[in-house]
Amino acid sequence: MPDRAPTVMWFRDDLRLADNPALTDAAMQGPVICLYVHDPAFALGAAERWWLHDALTALDHDLRARGGQLCIMEGSAQAVVQWLAQQAGATAVVWNRRYGGPARQVDTDIKTALKVMGIDARSHPGNMLHEPWQVRTRQGTPFRVYTPWWRAVQAMEAPLPPMSVPASLTFASLPPAVGEQQLAPSALRLLPTRPDWAQGLRDTWQPGEQAGQARLDSFVAKRMAGYARQRDLPARPATSALSPYLRFGHVSPRQVWHAVAAEKEMDEDGACFLSEVGWRDFAHATLFEFPEMATRSLRSEYDRMPWRNDPAALQAWQQGRTGYPIVDAGMRELWHTGWMHNRVRMIVASFLTKHLLLDWRAGERWFADTLVDADGASNPFNWQWVAGCGLDAAPYFRIFNPVLQGEKFDPAGDYVRRWVPEIAHLTGRDLHTPWKMAPRGYPAPIVDLTAGRMRALAAWQTLQDA
Ligand SMILES: Cc1cc2nc3c(=O)[nH]c(=O)nc-3n(C[C@H](O)[C@H](O)[C@H](O)COP(=O)(O)OP(=O)(O)OC[C@H]3O[C@@H](n4cnc5c(N)ncnc54)[C@H](O)[C@@H]3O)c2cc1C
């Protein structure tokens, strides 16, 4: 008997088998072809590329364990998806939705083209707690402020319980023409070679669904207690470090929600943790309303901000050589591991956009290239939040003093010592003000904190006066 016509499951930011609504839909129709398209039009940062290599390898491994495989192809997503669907005689292509402007446009174009070809195209909600258009004010407009948005989310029905890996998952064999074109992850040239700077990433992370699920389980069981009190202390492993797993969809936000809700009665730690997960949805909902969020300040008066052009200062910040220990520790943690603690992200972003008066977009781009969790919504959203130009932003005149922040959130100095060994011998307050001891091998501050603060406030004042 001939194979039933297959359904193409197009994986994107949802590299998992469990709680994957599109995959569940495909499996219910009959045999499935699992596709990933590496589209050069959607450039990824260097750290994301490293992650993606291992993520695709892990997904292919998990599919092979079930008798299938991941068909990896390179090229324009529209051309590849249409060609493969036609070659395979597919009746449908299914995927989970994305929310960025260019990605949505591609998906709309592909849907239209497939329909013309007589091939069904179905999209599913798989990457958020709720779809952006489901959470609305009483007037039916999008929320612009987080707290009422989160209140509205909590008043809604809880997200649907996560789905298991589809029990009925069967696979179609690839047509020979497709088999000839499919690539191994290594053929995508995602890994750095000369130089290979990824040792710190390899030491820190294991991409893939199984590792993500294990991290979620162990966080909820062992580390979530104390989250509300300790999540601001970068020396402690108090946060989940689930962000890259959510970014690549190894773990779904619904799985996170229900793992926390199922644990016990919702206490302060669980509630605080879920409200942080909520920020991720809110960032995507904001991107959905403002597709240019990565390049345009949401408050248009910031178009007139007199940002400075200072490549040497930018480079010192990127390399963790500003002379301010908590800033340098964060930037070095980022370079070494591809991740940085949230409190320190806020400190380094404030330092860049305020004490150095450099455009938030320069910081956003550096993060996009170096974070393994670099996210097209959360990254620009948070940069705009810190820089004061987001809709629901911290006011620009709230300027973090990196010395006081260091003393408050790294009081014993363990975080700074871990990442800035040149000053590890300093003790007490000296660790956060090392210039008083003039340690060898560590730079003097690149900006005076008082002068930098005054310059930032004067620049901001020009926006108020105009
Ligand atoms: C300047 C700046 C840039 C950032 N860029 C990114 C980015 O590119 N990708 C990214 O995922 N997060 C980004 N964040 C948000 C936050 O710093 C990280 O999500 C968090 O540090 C990840 O660590 P965790 O998984 O241990 O977080 P946890 O504290 O364990 O939180 C759980 C999850 O909630 C979500 N979350 C928590 N805080 C935020 C937040 N403020 N905004 C959006 N989601 C949040 C993340 O998915 C996170 O994994 C940025 C923050 C700042 C200040």
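One-based numbering, in listed order, for ligands and for the atoms of each.
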Has [X] got its NZ or CZ under 6.0 Å from the middle of the six-membered ring of [Y], at an angle within 45 degrees of the ring axis?
X    : Y    : result
K354 : F400 : no
R136 : W133 : no
R321 : Y442 : no

Quiz item: Which value, rounded to the nearest 0.5 Å, describes the distance between F290 atom CZ and R296 atom CZ?
Solution: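 With rounding to 0.5 Å, CZ (F290) is 11.5 Å from CZ (R296).
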
Practice problem: Using a strict 4.0 Å threshold on nitrogen-to-oxygen distance, state whether R144 and D392 make a salt bridge. | Solution: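 Here R144 does not pair with D392 in a salt bridge, since their nearest N and O are not under 4.0 Å apart.
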
Please produce the table of protein N or O atoms sitting under 3.5 Å from N or O atoms belonging to ligand 1, one pair a line, distance to 0.1 Å.
from, atom 1, to, atom 2, distance (Å)
ligand 1, 5 (N), N379, OD1, 3.2
ligand 1, 8 (O), D375, N, 3.1
ligand 1, 9 (N), D373, O, 2.9
ligand 1, 9 (N), D373, OD1, 3.3
ligand 1, 17 (O), N342, OD1, 2.7
ligand 1, 17 (O), R345, NE, 3.4
ligand 1, 23 (O), W339, NE1, 3.4
ligand 1, 25 (O), S240, OG, 3.4
ligand 1, 25 (O), A241, N, 3.4
ligand 1, 25 (O), L242, N, 3.0
ligand 1, 25 (O), S243, N, 3.1
ligand 1, 26 (O), T239, OG1, 2.6
ligand 1, 26 (O), S240, N, 3.3
ligand 1, 26 (O), A241, N, 2.6
ligand 1, 29 (O), Y227, OH, 2.5
ligand 1, 30 (O), S240, N, 2.8
ligand 1, 30 (O), S240, OG, 2.6
ligand 1, 34 (O), E276, O, 3.4
ligand 1, 36 (N), E276, O, 3.2
ligand 1, 38 (N), E276, OE1, 3.3
ligand 1, 41 (N), N382, OD1, 3.1
ligand 1, 42 (N), N382, ND2, 3.0
ligand 1, 44 (N), R280, N, 3.4
ligand 1, 49 (O), S243, N, 3.1

Practice problem: Sort out for me which residue in D14, D13, D107, D375 forms a salt bridge (charged side-chain N to carboxylate O under 4.0 Å, His left out) with R98. | Solution: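 Considering D14, D13, D107, D375, a salt bridge (charged side-chain N to carboxylate O under 4.0 Å, His left out) with R98 is found only for D107.
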
